[in-house]
Amino acid sequence: MFDTANAYGWGAEKGRTEEIIGSWFARGGGRREKTVLATKVYGNMGPDGERVWPNDDKLSALNIRRAVDASLKRLGTDHIDLYQFHHVDRNTPWDEIWQAIDVLVQQGKILYAGSSNHAGWHLAQANEAAARRGSYGLVSEQCLYNLAERRAEMEVIPAARGYGLGVIPWSPLHGGLLGGVLRKEREGTGAARSASGRSANALADSAIRARIQSYEDLVDKHGLAPGEVALAWLLTRPGVTGPIVGPRTADQLASALRAVELELPAELLAGLDEVFPGPGPSPEAFAW
């Protein structure tokens with residue numbers, strides 16, 4: 001499975017990642033036939049800084065129609081397996097969105113629709129609107145979810161499970177924070193990459209830094225790699241189909257694949273809950 005988005009590449013390079021995948025498909029050898037292809041729609045594809053006109057972004061029926069055709073061209077394929085709404089469009093009714101999606105399904109341009117970064121009530125709203133129309137509705141939700149960020153357990157994942165959606169978490173290592181960032185910092189390996197963005201901001205907080213140290217100490221006690229444990233933990237979570245990984249090297253890809261075979265002992269799972277406690281069951285966690 002490849003997961004991308006029409007806007008990935010950003011700035012002047014918007015659409016570039018879809019083009020890279022399209023070039024790979026063009027090499028043949030059954031590449032397209034053996035790939036589950038997922039991309040997204042929402043962001044403005046025009047030059048940065050220019051006025052965004054109505055229907056140039058988000059989830060209007062017209063933008064969805066235009067965006068699909070543009071993505072198909074960049075990807076060099078005649079269909080997208082999973083077409084995801086990259087964010088919530090607060091101005092477009094779900095009936096309009098599903099009307100556009102139904103047409104694309106009938107045309108064979110997409111097979112399934114999914115969401116990303118939606119709240120639990122958005123998932124319910126979307127699928128209830130689809131049910132009224134006799135449409136298939138959402139089949140997946142791609143949300144921020146990992147050991148260090150478990151708020152999705154409050155509403156998003158219960159809603160996804162209730163409606164039968166697969167959950168495909170993004171940023172499973174929380175921007176590198178769960179990938180052994182402190183060990184790399186001490187050893188001077190990969191520190192520049194690991195301690196940037198979300199990781200750098202988090203590590204500036206002494207309490208978060210202490211928690212990450214406790215995590216790495218716990219994982220070391222079991223002789224395991226932090227990144228592999230973080231991925232394997234997600235695979236134990238109810239409702240999770242699989243995390244979205246973004247390896248930069250062959251070694252990182254191999255490490256991610258090892259997580260699939262990794263069985264975490266009960267003692268380690270309990271320890272992870274102590275270091276990174278979740279919110280608890282919904283609605284008990286916030287109702288009383």
Side-chain angles (χ1 to χ4, degrees), residues 1-9 14-46 52-118 122-142 160 163-168 170 241 244:
M1 178 181 177
F2 285 145
D3 174 76
T4 185
N6 59 349
Y8 285 174
K14 291 176 183 176
R16 182 63 183 136
T17 60
E18 288 186 332
E19 291 174 349
I20 291 171
I21 294 172
S23 297
W24 186 76
F25 285 156
R27 294 168 61 184
R31 285 171 169 79
R32 175 64 187 96
E33 292 76 13
K34 297 173 183 176
T35 299
V36 175
L37 177 60
T39 192
K40 308 182 192 75
V41 57
Y42 183 87
N44 173 40
M45 294 298 288
V52 180
W53 288 84
N55 297 309
D56 279 354
D57 64 356
K58 301 181 180 176
L59 303 179
S60 71
L62 180 56
N63 187 57
I64 288 175
R65 186 182 76 184
R66 290 171 173 169
V68 163
D69 288 341
S71 285
L72 289 172
K73 183 177 180 179
R74 287 189 292 267
L75 290 161
T77 186
D78 63 354
H79 74 283
I80 295 163
D81 298 292
L82 178 62
Y83 199 52
Q84 301 162 107
F85 311 129
H86 210 162
H87 192 62
V88 177
D89 185 347
R90 297 177 174 88
N91 297 318
T92 304
W94 279 106
D95 280 336
E96 178 179 341
I97 295 171
W98 288 127
Q99 180 271 337
I101 294 299
D102 288 345
V103 170
L104 295 175
V105 171
Q106 291 163 7
Q107 292 175 336
K109 294 181 178 179
I110 69 173
L111 298 184
Y112 301 102
S115 59
S116 181
N117 305 311
H118 282 48
H122 291 129
L123 304 184
Q125 188 181 47
N127 272 20
E128 291 301 325
R132 289 194 299 269
R133 295 176 50 86
S135 303
Y136 200 72
L138 300 172
V139 302
S140 63
E141 160 62 16
Q142 185 176 154
Y163 282 95
L165 278 64
V167 175
I168 44 179
W170 62 267
T241 299
I244 299 292

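Quick caveat, the model's predicted, so the values are computed rather than measured.
When the side chain to side chain donor-acceptor pair (under 3.5 Å) test is applied to Ser116, no partner is found at least two apart in sequence or on another chain. Residues that satisfy the side chain to side chain donor-acceptor pair (under 3.5 Å) test with Ser140, not counting sequence neighbours, are absent from this structure.
The backbone N or O of Thr35 lies less than 3.5 Å from a partner atom in the side chain of Arg32, making a donor-acceptor pair. Judged purely by atom type and a 3.5 angstrom limit, Gln142 has no side-chain atom pairing as donor or acceptor with the backbone of Ile168.
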Chi angles and distances behind the side-chain contact (heavy atoms from CB on, under 4.5 Å) call for Ser60, Glu96
CA-CA 7 Å; Ser60 71; Glu96 178 179 341; 3.8 Å; yes
Give the C-alpha distance, both sets of side-chain angles, the deciding distance and a yes or no for side-chain contact (heavy atoms from CB on, under 4.5 Å) between Tyr163 and Leu138.
CA-CA 9 Å; Tyr163 282 95; Leu138 300 172; over 6 Å; no
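Smallest separation of non-hydrogen atoms from Ala130 and Gly137: CB-CA, 3.5 Å. Considering all non-hydrogen atoms of both residues, Asp89 and Asn91 come closest at OD1-N, 3.0 Å.
Counting heavy-atom neighbours within 6.0 Å of Tyr112 OH, excluding the residue itself, gives a total of 12 or less.
No side-chain donor-acceptor contact under 3.5 Å links Glu18 and Thr4. The closest side-chain donor-acceptor pair between Glu141 and Asn117, if any, does not fall under 3.5 angstrom. A donor and an acceptor atom, one from each side chain of Lys40 and Tyr8, are located under 3.5 Å apart.
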In a table with atom names and distances, give each donor-acceptor pair under 3.5 Å that connects a side chain of residues 62-70 to protein atoms at least two apart or in another chain.
{"from": "Asn63", "atom 1": "ND2", "to": "Asp57", "atom 2": "O", "distance (Å)": "3.4"}
{"from": "Asn63", "atom 1": "ND2", "to": "Lys58", "atom 2": "O", "distance (Å)": "2.7"}
{"from": "Asp69", "atom 1": "OD1", "to": "Lys109", "atom 2": "NZ", "distance (Å)": "2.8"}

